[in-house]
Amino acid sequence: MPDLKQELADVAAAIEKVEHPASVPVAPPAPGKVRLRHPNTGDVQDVDAEPEAMIPLMGRGYQQVKE
Amino acid sequence: MPARIQQLVLGLGANKQTAIGSAGSTFLRFKKLDTTVTTPKPVFENDAAEIGKGHEFITQTFPSHYDVANRLEKYASAEFVTWAVAYGLGNASVTGSSAPYTYTIVPIDPGTTLELPYFSLCEQVAEGGGKAVDNLYIGCAIEDWTYQFSYGPGRASSKMTVNWVGSGQLTTPSGITVPALTTENNMLAASMSLSVNGVDYVSTKRILSGSIGWKNNLLLNAGFYPGSGLQNGLQIRGRMEIGARVPTFQFTARLLSGSTEYNTLVNQTTGTATLSVNHDAGNSVSFSFPKMAFQVVENAEADGIVAVTITGAPQYDTVSSTVMSVTTKCGINNIGQ
């Protein structure tokens with residue numbers, strides 16, 4: 001029984017970690033790069049700050065992340 | 001004392017609104033060519049057609065909704081074209097730590113959102129020490145924009161027209177202090193480069209006129225959904241979603257013996273199409289279609305010279321994930337951001 005309680009506590013902690021991740025400072029994109037994020041999936045991509053690199057992602061809904 | 005139309009002060013929202021009902025706080029003041037003044041048009045319905053009154057005349061009126069819309073016609077400057085395209089296509093990024101800033105703009109992905117960024121628009125007309133007009137329209141979106149170019153001298157060779165629609169929400173008096181006029185860098189058609197399906201229409205001196213456009217076909221009635229909101233008892237829109245969007249591209253060029261347009265049409269050959277205009281190295285606009293076929297090729301005449309008018313059929317390109325992209329440079333940061 002104590003093991004089951006511990007297991008439940010571990011699961012609750014894991015859920016908490018996923019739902020409310022600790023805020024970690026995010027480094028800005030490297031010089032010459034721009035950060036794009038998909039508003040639905042949350043996927044983040046750092047790409048060259050050139051239209052050729054940005055357009056294929058922006059066309060799929062990625063938006064610029066302002067630091 | 002009446003006021004002249006030239007006194008109209010036009011402030012266009014620089015930064016996008018955080019929500020359709022939240023007014024913007026930064027504005028760009030522009031000059032324009034058309035003489036329209038926006039009307040905050042309240043619409044009322046009546047009971048004229050209803051049965052049981054004993055006659056066909058109106059006995060009662062009922063508040064319905066606000067209908068706000070207008071157009072902006074301007075010489076094409078790098079600043080205004082950037083503003084119009086950023087709000088008209090909807091997904092704009094800006095890079096550069098100092099002027100000139102580079103904007104990369106594509107249409108919004110309908111799998112991500114159906115709503116364009118909203119902007120606020122302010123109109124003021126000073127009169128007799130007060131203001132004859134002082135309205136702030138909140139929650140506006142661009143229905144369509146058209147870039148037009150033609151042969152001939154001056155700024156009229158390169159123009160931009162925008163039709164916009166409001167949610168109906170407005171504040172009167174606006175309470176806005178519109179900044180000084182934006183310094184605009186106009187882009188004459190003489191600066192143009194144009195390449196379509198492998199043909200350089202400028203180096204061969206063939207190009208005469210044309211246009212590039214975008215229409216969002218906004219779902220305006222769907223904006224009046226249950227719970228969309230009221231103002232003075234009249235409905236206002238709580239959203240403006242894109243409908244079936246349509247990019248357009250048409251141009252007229254002189255017809256030569258080796259002209260390939262008819263064969264391109266018959267064979268449905270596709271290729272890239274890029275039109276660029278600039279004021280200088282720091283103020284420019286480039287419209288790009290990654291995949292363009294021809295829809296119609298029609299022989300024509302211009303100033304007694306035989307010509308051909310081509311209507312393009314822009315296609316969605318799966319490599320660049322878009323049907324059109326626009327890259328601009330100008331000295332203003334954060335337009336549509």
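By convention in this document, chain letters (A, B, ...) are assigned in the order of the sequence lines, proteins followed by strands, and residues within each chain are numbered from 1.
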Point-to-point distance, once rounded to the nearest 0.5 Å, from OG1 of B:T95 to NZ of A:K33: 13.5 Å

Go through the atoms of A:L57 and report whether side chain, backbone, both or neither lie under 4.5 Å from a heavy atom of chain B. neither

Measuring from atom OG of B:S320 to atom CE of A:M54, what distance do you get when rounded to the nearest 0.5 angstrom? 14.0 Å

If I compare all heavy atoms of B:T112 with all of A:G61, which pair ends up nearest, and what's the gap? OG1-CA, 3.6 Å

How long is the span from the NZ atom in A:K66 to the OG atom in B:S93, to the nearest 0.5 Å? 7.5 Å

With side chain to side chain contact (heavy atoms under 4.5 Å, CB included) as the test, pick out the partner of A:I55 among B:T104, B:V326, B:I105, B:D317. B:T104

For B:G111 and A:N40, which heavy atoms make the closest approach, and how far apart are they? O-OD1, 3.6 Å

Side chain from CB out, backbone as N, CA, C, O: work out which of these in B:V319 comes under 4.5 Å of a heavy atom of chain A, or both, or neither. backbone

Looking at every non-hydrogen atom in both residues, tell me the closest pair between A:G59 and B:V106 and how far apart they are. N-CG2, 3.9 Å

Looking at CG of B:D109 and NE2 of A:H38, how far apart are the two atoms once the value is rounded to the nearest 0.5 Å? 5.5 Å

Treating B:N91 as the side-chain partner and A:Q63 as the backbone partner, does any N or O pair qualify as donor plus acceptor under 3.5 Å? no

Got more than 12 heavy atoms from elsewhere within 6.0 Å of NZ, B:K215? yes

